[in-house]
Amino acid sequence: MKYDFKKIEKNSQDFWAKSKVFETKNDSSRKKFYVLDMFPYPSGDGLHVGHIKGYTATDIVANYMRMKGFNVLHPMGWDAFGLPAENYAIKIKKNPKEVVAQNIAKFKGQLQSLGFSYDWSREINTTDPEYYKWTQWIFIKLFEKGLAYQDEIPINFCPSCKTGLANEEVQSGECERCHTKVERKNLKQWILKITDYADRLLNDLEDLDWPEPIKEMQKNWIGRSEGSEIKFQISNSKLQIKVYTTRADTLFGCTWVVLAPENDLVKQLESKIENLNEVKEYIEKSKNKSDLERTELAKEKTGVELRGLRAVNPINGKEVPVWIADYVLAHYGTGAVMAVPAHDQRDFEFAKKYNLLIKEVVIPTVTDPIDPPKPDEPVVFRNAIQAIVINPNNNKILTLCWQKQPWTTFITGGIDDGEDATEAAKREIYEETGYKNLKFIRKLGGLVDSNFYANHKKENRKAHFQALVFELLDEEKDQISDKESAIHQLVWKTWEEIKNDGNLKCSEFNIWLDRFSNPENAFEDHGILINSNSFNGSDSETAKRKITEKLRKSGHGDFAINYKLRDWVFSRQRYWGEPIPIVHCKKCALRDPSGQGVVAVPEDQLPVKLPEIENYEPSGDGTSPLSRVESWVNTKCPKCGSEAKRETDTMPQWAGSCWYYLRFTDPKNDNKLISNEADKYFSPIDLYIGGAEHAVLHLLYARFWHKFLFDLKVVNFKEPFKKLKNVGLILAPDRQKMSKSRGNVISPEEIIGQFGADSLRMYEMFIGPFDQPAVWAKNGITGVSRFLENVCLSFEKNNKKDETIGTNLSQLINLITQKIEKSLFNTAVSDFMKFAKTVELTKMNKEQWDVFLKLLSPFAPHLSEKLWLENSNSNSIFSSLWPEAQNIEQQNYNLVVQINGKRKAVLEINKNLDRKEIENLVLGQKKIAFEVKRDKIKKIIFVEKKLINFVV
RNA sequence: GGGCGAGUGGCGGAACUGGUAUACGCGUAGGUCUCAAAAACCUAUUCUCGCAAGGGAUUGUGGGUUCGAUUCCCACCUCGCCCACCA
């Protein structure tokens with residue numbers, strides 16, 4: 001008898017189909033468990049071994065929960081609208097409908113060959129009119145609530161797919177599907193107001209049991225930002241420029257304001273702009289740039305000043321110039337920013353290029369860690385300098401090594417009245433060193449606020465230091481006074497040597513070094529304010545609040561919140577999607593111009609079926625292929641009955657997957673999307689498994705629709721997916737993603753033919769930690785295959801009772817149970833292997849085999865079912881109950897003996913011995929006694945039932 | 001540039017909450033069986049010194065906390081993923 005997996009698989013699968021063990025009833029008297037895979041897109045290539053990893057995990061959980069007594073909902077369906085099927089259909093000149101039907105048949109066959117326990121009676125398909133009728137229904141509800149609107153805006157357009165894209169579908173400036181660079185195009189689009197849900201989408205993340213990185217990605221994508229909106233009055237005009245900023249504390253440093261080229265204000269101000277031609281030319285140029293071009297060419301910022309215009313900074317009444325520049329995004333905030341070049345890198349670069357004023361208003365603050373200010377001493381303020389004198393011959397820097405104190409410093413001194421910083425520095429250098437010939441190189445950024453206690457004067461000092469860099473031209477110097485030379489010695493050192501100088505007394509050092517190495521950086525951190533009138537001395541956080549409050553009082557600003565999230569561009573100019581159920585009626589438009597003649601198709605006329613047409617290739621001119629189907633486009637207005645035209649754009653691929661998980665709870669309902677009872681019983685999803693690539697696509701869109709349906713009271717829970725787990729990718733043996741074009745795809749058929757479905761399932765789990773990527777190793781599967789064969793053959797040999805098996809089996813029950821609960825499938829498989837290694841399977845009796853097979857059944861269902869039935873059971877193993885472990889206490893345990901934390905021995909200890917007895921026993925061991933003399937023991941660390949450590 | 005995560009044998013990886021590092025599997029070597037080979041089974045397998053008994057080193061690198069660190073803290077290096085002019 002050998003392990004004939006082909007026969008076993010067929011028998012088990014036939015048995016399950018006949019006995020219908022995997023069909024789920026809406027039986028609300030039982031505890032439910034809803035475990036779901038992200039349903040696949042049935043492409044022409046079929047499934048590869050990478051897809052199966054997630055499905056195997058959900059199947060293990062489904063089987064396990066079933067045996068735990070839950071009414072498990074574990075369904076499967078097809079997300080079949082969208083580009084891949086359509087493109088493939090165009091290529092092979094067939095209708096997408098036919099192609100999809102073929103692909104689904106292939107996928108379904110593959111899934112069934114793996115013995116997955118899906119309830120196929122609930123199978124759904126997003127391209128089925130009975131399904132998309134409800135997708136359209138949701139759209140109409142969105143429209144009725146004002147959450148679906150039309151607008152002509154510049155959108156991302158993929159020239160290869162010939163359709164508009166949502167923001168989420170653009171990745172680093174490329175189309176998510178085909179990686180073509182996207183273009184900007186002005187198109188009249190249907191847009192969904194997902195931004196209305198931004199705060200709820202963000203806040204409700206908190207309660208979800210999702211992987212932190214996914215939550216983090218959604219948070220970043222939604223991008224909540226707290227700041228202030230500030231109004232700059234335009235001189236000699238009633239108009240104002242509103243800017244959004246998170247750095248109201250830098251308002252005094254604003255030296256110009258910038259509008260996005262698309263900002264409407266530009267048009268309104270045209271009459272005042274002196275260089276209108278230049279401005280128009282610039283606007284025209286930036287219009288044609290894609291977002292990618294705008295950002296990629298970011299190294300060189302461009303802009304044009306609006307000559308003749310000035311804006312008034314509301315905090316100090318100063319007039320500043322107004323610019324337009326395409327580094328300002330029209331769609332974020334107010335489409336205008338205040339430029340603070342001293343404290344914003346982008347503004348800084350812009351100022352350098354166009355020679356604009358840079359005004360410093362925030363400076364970093366440091367406190368001397370060795371001599372911090374003393375609370376009861378007076379504070380004396382000084383403006384001061386530090387001179388960094390470099391010898392260009394060896395790049396060493398002059399430091400002062402103090403005689404009476406263990407200090408190394410730069411040349412330091414106060415600025416006297418009437419002196420500027422450079423003069424003060426030159427004077428100090430001369431006084432302290434005698435060097436006469438120095439070349440001033442540059443100031444090292446702006447000031448630094450420095451706080452310390454001056455021991456020799458018994459006072460606290462608050463100094464604003466300016467660092468200045470000089471080069472020594474020659475060695476010529478005058479003799480300095482004896483008094484001066486007695487204070488310190490001159491020592492030349494490299495930056496590295498100064499950094500590692502243990503006596504360095506310069507809390508500003510890291511700032512100087514950073515500014516020396518990166519001279520072209522604005523100071524963007526928080527700090528304390530200078531040059532800001534009454535706000536001088538406050539810290540950034542406080543200043544943000546106080547400045548905004550002051551503006552609010554004068555009506556020039558207020559606190560504001562912004563989101564990065566943009567509304568969802570929902571139109572696609574392609575054939576293979578749900579038609580948007582809207583009719584455009586000219587007559588209705590005349591009667592009610594505000595409604596623009598946009599009429600929703602009434603519920604009883606749904607679905608608006610996709611017409612079957614010959615030629616469905618995309619046109620690329622921004623219109624959908626449907627617009628060519630006159631017989632379909634021309635219709636009667638459902639409102640007034642006059643001639644009208646259908647909307648020809650279709651919905652994006654994500655529409656169907658936004659609510660499919662709901663339909664599984666009530667898949668055949670003709671009257672409603674789902675019944676309230678079905679939702680109440682099965683929702684929310686207890687475990688959802690899929691790839692991390694949907695973090696800001698499907699998972700965000702679905703949450704949005706779900707919340708909308710919650711508001712409509714169609715669903716009862718505010719979040720659809722209670723617990724989410726990500727499945728790590730399986731890479732081909734060449735460490736690349738598996739894809740047909742790379743020719744590295746490994747198909748399940750290939751593996752099943754050679755090793756069987758159970759081996760494939762177990763290897764998928766054994767390959768590594770579930771959520772991490774793994775590389776498919778051709779030989780890896782032989783280990784699990786040998787294990788299953790061993791199980792099969794051991795069963796055939798006869799049963800004798802072995803007393804030790806009971807304990808081990810009980811341990812195995814605990815291990816497997818915990819590991820399924822925690823998704824540690826890889827070590828669950830190794831636990832089975834370990835068990836088979838320590839226990840002679842042939843010696844297990846009938847009851848022990850029953851238990852063992854139950855544990856194995858979620859992983860290797862075919863073999864387990866077959867042996868279960870052969871072990872004199874008549875019903876499916878999956879209708880049996882999961883085994884409970886009995887606690888069998890061991891008489892002895894292993895104690896680790898360490899000397900100074902190093903393992904020296906492992907002893908078997910009776911559980912009844914107490915600490916003293918154990919110590920004596922251990923020290924009685926020859927080997928230990930040889931190394932540990934009783935009188936030399938400093939300490940004994942004792943960890944109950946685990947370890948004893950002698951410190952000698 | 002910002003955020004998140006990860007570095008353990010020849011390879012995939014294991015190690016609970018700070019307590020025997022290298023489980024389990026693959027591969028490799030030797031052996032059993034065989035006329036022979038394959039398969040299967042048995043033994044060995046982190047590195048290093050040693051004939052051996054036994055010793056030493058080791059979880060990316062360097063430091064710290066601790067009786068004891070793969071695990072905690074700090075700095076650095078490398079790789080991966082996501083976002084990227086969001087004011």
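Note that the structure is predicted; figures quoted are calculated from it, not measured. Proteins come first, then strands; the chains are lettered A, B, ... in the order of their sequence lines, and each starts at number 1.
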* Asked: Is A:Tyr327 near enough to B:rA87 that one of its side-chain N or O atoms lies under 4.0 angstrom from OP1 or OP2?
  ->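 For A:Tyr327, the contact criterion (side-chain N or O under 4.0 Å from OP1 or OP2 of B:rA87) is not met.
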
* Using only side-chain N and O atoms of A:Arg903, determine if any of them is under 4.0 Å from OP1 or OP2 of B:rG68. =>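 No, no such contact exists.
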
Is the side chain of [X] donor-acceptor paired with the backbone N or O of [Y] at a distance under 3.5 Å, no angle test?
X: A:Glu216; Y: A:Pro211; answer: no
X: A:Lys904; Y: A:Gln898; answer: no
X: A:Thr255; Y: A:Leu357; answer: yes

Among [options], the one nearest [X] by side-chain distance:
X: A:Pro213; options: B:rG3, B:rA87, B:rC4; result: B:rC4
X: A:Asn894; options: B:rU20, B:rC83, B:rG3; result: B:rU20
X: A:Ser830; options: B:rC24, B:rA84, B:rA87; result: B:rC24

For residues 770-778 of chain A, tabulate all N or O donor-acceptor pairs below 3.5 Å that involve a side-chain atom, not counting sequence neighbours.
none

* Structure fact -> Readout for nucleotides 7-19 of chain B: B = base within 4.0 Å of protein heavy atom, S = sugar-phosphate only, - = neither; 5' to 3' it is -----BSS----B

* Can A:Leu788 and A:Phe859 be said to form a side chain to side chain contact (heavy atoms under 4.5 Å, CB included), step by step? -> CA-CA 11 Å; A:Leu788 289 175; A:Phe859 297 83; over 6 Å; no

Could you work out the separation of [N] and [M] based on their [atom1] atoms and round it to a whole Å?
N: B:rU43; M: B:rC24; atom1: P; value: 12 Å
N: B:rA39; M: B:rG27; atom1: P; value: 9 Å
N: B:rG13; M: B:rU8; atom1: C1'; value: 9 Å

What's [X] touching, base or sugar-phosphate or nothing? Going by heavy atoms closer than 4.0 Å.
X: A:Lys837; result: sugar-phosphate
X: A:Val337; result: base
X: A:Val696; result: nothing

* Asked: To the nearest angstrom, how far is A:His343 atom NE2 from B:rA87 atom P?
  ->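 Distance check: A:His343 NE2 to B:rA87 P gives 17 Å.
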
Under 3.5 Å, sequence neighbours excluded: what are the donor-acceptor pairs made by side chains of residues 822-833 of chain A?
residue	atom	partner	partner atom	Å
A:Thr827	OG1	A:Lys819	NZ	3.4
A:Thr827	OG1	A:Leu824	O	3.3
A:Ser830	OG	A:Thr827	O	3.0
A:Asp831	OD2	A:Lys819	NZ	2.9

* To do: Go through the structure and list residues passing side chain to side chain contact (heavy atoms under 4.5 Å, CB included) with A:Asn518, not counting sequence neighbours.
  =>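 For A:Asn518 the side chain to side chain contact (heavy atoms under 4.5 Å, CB included) partners, ignoring immediate neighbours, are A:Asp514, A:Asn521.
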
* Asked: Between A:Glu764 and A:Arg761, is there a salt bridge with N-O shorter than 4.0 Å?
  -> no

* May I ask you to decide if the ring planes of A:Phe350 and A:Tyr354 are parallel, tilted or perpendicular, using 30° and 60° as cut-offs? =>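 Plane angle between 30° and 60°, so tilted.
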
* Side chain of A:Lys301, base of B:rC85: donor and acceptor closer than 3.5 Å? -> yes

* Base of B:rG64 relative to its sugar, syn (within 90° of 0) or anti? -> anti

Sub-3.5 Å pairs of nitrogen or oxygen atoms, protein against nucleotides 39-49 of chain B:
residue	atom	partner	partner atom	Å
B:rA40	OP1	A:Arg786	NE	3.3

* For A:Asn790, check side-chain hydrogen bond (donor to acceptor under 3.5 Å, both in side chains) against everything at least two apart and list the hits. =>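 In terms of side-chain hydrogen bond (donor to acceptor under 3.5 Å, both in side chains), with neighbours along the sequence ignored, A:Asn790 is linked to A:Ser794.
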
* To do: Assign each of A:Met217 and A:Ala336 to its nearest nucleotide of RNA chain B by heavy atoms, then name whichever residue's nucleotide is nearer the 5' end.
  => A:Met217

